[in-house]
Participant: 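Let me give you the structure first, and then I'll get to my questions.
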Protein chains: 2
Amino acid sequence: MRDIDIAEVAELSGVRASTLRFYEEKGLIASHGRRGLRRLFDPAVLDRLALIALGRASGFTLDEIGRMFAPDGRPRIDRKMLATKADELDRTIRRLNAMRDGLRHAAVCPAPSHMECPTFRRLLRVAAAGKMEAPKKTKKSRRKS
Amino acid sequence: MRDIDIAEVAELSGVRASTLRFYEEKGLIASHGRRGLRRLFDPAVLDRLALIALGRASGFTLDEIGRMFAPDGRPRIDRKMLATKADELDRTIRRLNAMRDGLRHAAVCPAPSHMECPTFRRLLRVAAAGKMEAPKKTKKSRRKS
DNA sequence: TCTTGACCTCAAGTTCACTTGAACTGGCAG
DNA sequence: CTGCCAGTTCAAGTGAACTTGAGGTCAAGA
């Protein structure tokens, strides 16, 4: 079993065929030939997809991820970039921690209205001051048509 | 100084005028009249904007935030929803923590290639398995034309 | 009074990461 | 041989949250 077709890649990776085609178009992955019309991929594409998932999960855009692969296809990951992104994640995490605590408090706060709760108002100030970025909504269960 | 105009709101809140108009169109805020063409806002709009910033920072969409205001305009925040969102944030935070640790490791990993580093490969598996959502890119410094 | 500049409206454009639709192709089961 | 069906292409659509552009208006300063 040298090459696997797009359906198998989709199955094994959990990435939709349409997404795989999209990634190929973007140059993030490459198919290795065809059986009829069907793309054939080297099983190593699975590592590649994992790498892409990692990049995405870490906040890189697809374009940035694309730039992380040398022209020859081998990942050429800049360690400094990783450290930078790790620091960025760290700040994000701190921010979200504050948010979570605030929400948690607001959820049980006995003040008649949130606007009358000092903790809530403090949270508000943090949110307003931070010019913070919303974490993208987690879209669960995007399978089936 | 009863009402403030859109420029002042923008200045005080850090939210662009175009965004304020957009929010008004969406029903998230309301202007209270006009001086000529210029919208006038009640200073309370600043609290409202802080509330919106908080919601966004916590991962709510603008539509969801809109639904948090009763028709009369007073915030009617569902405490259960807050708790749910807090839990969601918690999961996100855990995920990002793992990512950050992984990146941090990859940044200093002595393996000749990341693909040969067991820790990196483990991180890859986590990322691939998680079907995780990328945290939106933090766009810094979007001011000036 | 006239000019200016900030604001106005409305429609369309932007970015990101995909998904969907229409029309078509071709390997394989029957 | 014939259909089926899962694949293919290409263009266009989606959704979230805004931003931008064109063309218009008006309060205030010179």
Side-chain angles (χ1 to χ4, degrees), chain A residues 3-11 13-41 49 52-67 131-145, chain B residues 3-11 13-29 31-41 49 52-67 127 131-145:
Chain A
D3 291 329
I4 56 187
D5 75 18
I6 195 171
E8 289 176 277
V9 175
E11 170 117 14
S13 67
V15 176
R16 284 180 165 215
S18 69
T19 306
L20 293 172
R21 280 189 285 269
F22 174 70
Y23 281 0
E24 184 174 20
E25 204 181 335
K26 276 230 140 194
L28 293 172
I29 57 176
S31 55
H32 210 258
R34 299 283 176 118
R35 174 163 54 232
L37 288 180
R38 261 155 233 222
R39 285 163 175 79
L40 293 176
F41 291 93
L49 287 170
I52 293 169
L54 170 61
R56 297 256 309 113
S58 303
F60 292 97
T61 66
L62 291 184
D63 282 351
E64 287 174 317
I65 293 168
R67 271 177 252 125
K131 289 276 73 199
M132 24 192 44
E133 187 76 9
K136 248 175 95 184
K137 284 214 77 182
T138 302
K139 47 176 178 196
K140 307 227 106 106
S141 60
R142 289 305 311 118
R143 225 83 310 184
K144 288 300 166 233
S145 176
Chain B
D3 291 327
I4 55 186
D5 74 17
I6 194 170
E8 289 175 278
V9 176
E11 171 119 13
S13 67
V15 176
R16 286 177 164 214
S18 68
T19 305
L20 293 172
R21 280 190 285 268
F22 173 70
Y23 282 179
E24 183 175 21
E25 204 182 334
K26 276 229 139 193
L28 292 172
I29 60 177
S31 55
H32 210 260
R34 299 281 176 120
R35 172 163 56 233
L37 289 180
R38 264 154 230 224
R39 286 163 176 77
L40 293 176
F41 291 93
L49 288 170
I52 292 169
L54 171 61
R56 296 256 311 113
S58 303
F60 291 97
T61 65
L62 292 183
D63 283 349
E64 285 174 318
I65 293 167
R67 271 177 252 126
K131 290 278 72 196
M132 23 193 42
E133 188 77 8
K136 248 173 95 185
K137 282 217 79 182
T138 302
K139 49 179 175 189
K140 307 227 107 106
S141 59
R142 292 302 312 116
R143 226 83 308 184
K144 289 297 167 235
S145 177

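Order of the sequence lines fixes the chain letters, A, B, ..., with proteins taken first and strands second; residue numbering starts at 1 for each chain.
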Participant: Between dA16(D) atom P and Ile65(B) atom CD1, what is the distance in whole Å?
Facilitator: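 Value for this atom pair: 12 Å.
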Participant: Return the nearest nucleotide to the side chain of Ala7(A); candidates are dT20(C), dG7(D), dA17(C).
Facilitator: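 Nucleotide nearest to Ala7(A)'s side chain: dG7(D).
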Participant: Hey, could you give me the OH/CD1 distance between Tyr23(A) and Ile29(A), rounded to the nearest 0.5 Å?
Facilitator: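 Between atom OH of Tyr23(A) and atom CD1 of Ile29(A) there are 8.5 Å.
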Participant: On the nucleotide dC16(C), are OP1 or OP2 found under 4.0 Å from the side-chain N or O atoms that Thr61(A) carries?
Facilitator: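 No, outside the criterion.
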Participant: Between atom CD in Glu24(B) and atom P in dC7(C), what is the gap in whole Å?
Facilitator: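 After rounding, the reported distance stands at 15 Å.
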Participant: With the side chain of Arg34(A) defined as its heavy atoms from C-beta on, choose the nearest nucleotide among dT8(D), dT9(C), dC18(D).
Facilitator: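 Minimum distance to the Arg34(A) side chain belongs to dT8(D).
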Participant: Find the distance Asp63(A):CG to dC18(C):P and express it as a whole number of Å.
Facilitator: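 To the nearest whole Å, that distance equals 12 Å.
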Participant: Calculate the interatomic distance between Ile52(A) atom CD1 and dC16(C) atom P; express it in whole Å.
Facilitator: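 The distance from CD1 of Ile52(A) to P of dC16(C) comes to 17 Å, rounded to the nearest Å.
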Participant: Could you check which of dC18(D), dC7(C), dT8(D) has an atom nearest any side-chain atom of Leu37(A)?
Facilitator: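 Ranking dC18(D), dC7(C), dT8(D) by closest atom to the Leu37(A) side chain puts dT8(D) first.
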Participant: Using whole Å, what does the distance between atom C1' of nucleotide dA27(D) and atom CG of Leu40(B) come to?
Facilitator: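 Taking CG of Leu40(B) and C1' of dA27(D), I get 12 Å after rounding.
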Participant: Return the value, rounded to whole Å, for the distance between atom CZ of Arg56(B) and atom P of dA16(D).
Facilitator: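 Going from CZ in Arg56(B) over to P in dA16(D) covers 11 Å.
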Participant: Return no unless some side-chain N or O of Thr19(A) is found under 4.0 Å from OP1 or OP2 of dA17(C).
Facilitator: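 Answer no for this pair, as no side-chain N or O of Thr19(A) is under 4.0 Å from OP1 or OP2.
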Participant: Compare side-chain N and O positions of Arg39(B) against OP1 and OP2 of dT9(C) and report whether any pair is under 4.0 Å apart.
Facilitator: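 For dT9(C), OP1 or OP2 has a side-chain N or O of Arg39(B) closer than 4.0 Å.
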Participant: Side chain of Ile6(B): nearest nucleotide among dC18(C), dT8(D), dC8(C)?
Facilitator: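 So the side chain of Ile6(B) is nearest to dC8(C).
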Participant: How long is the line joining CG of Leu20(A) and P of dA6(D), in whole Å?
Facilitator: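 That distance rounds to 17 Å.
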Participant: Output the rounded distance in Å from CD (Glu11(A)) to P (dG7(D)).
Facilitator: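 Result: 10 Å.
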Participant: Name the residue closer to the 5' end of DNA chain D, choosing between Leu62(B) and Arg21(B) according to the nucleotide with the nearest heavy atom.
Facilitator: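 Whichever sits nearer the 5' end wins; that is Leu62(B).
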Participant: Does OP1 or OP2 of dT9(C) have a side-chain N or O of Arg38(B) closer than 4.0 Å?
Facilitator: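 No, no such contact exists.
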Participant: Would you say Arg16(A) reaches dC18(C)'s phosphate, i.e. side-chain N/O to OP1/OP2 under 4.0 Å?
Facilitator: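 Answer is no, no contact under 4.0 Å.
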Participant: To check you understand the geometry: which heavy-atom pair defines the closest contact between Val9(B) and Leu20(B), and what is its length?
Facilitator: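 Taking Val9(B) first and Leu20(B) second, the nearest heavy atoms are CG1-CD1, 3.6 Å.
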Participant: Is there a side-chain contact between Val15(A) and Ile52(A) (heavy atoms, below 4.5 Å)?
Facilitator: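 Side chain of Val15(A) against side chain of Ile52(A), heavy atoms only: no contact under 4.5 Å found.
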Participant: If you measure from CG on Asp5(B) to CD on Glu11(B), what distance do you get to the nearest 0.5 Å?
Facilitator: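 Here the interatomic distance stands at 10.5 Å.
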Participant: Quick one: is dA27(D) close enough that its OP1 or OP2 comes under 4.0 Å of any side-chain N or O from Arg35(B)?
Facilitator: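 For dA27(D), OP1/OP2 do not have a side-chain N/O of Arg35(B) under 4.0 Å.
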Participant: Taking all non-hydrogen atoms of both residues, which atom of Ile65(B) and which atom of Arg56(B) are closest, and how far apart?
Facilitator: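 In terms of heavy atoms, the two residues are closest at CD1-N, 3.6 Å.
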Participant: Compare side-chain N and O positions of Tyr23(B) against OP1 and OP2 of dA17(D) and report whether any pair is under 4.0 Å apart.
Facilitator: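 For dA17(D), OP1/OP2 do not have a side-chain N/O of Tyr23(B) under 4.0 Å.
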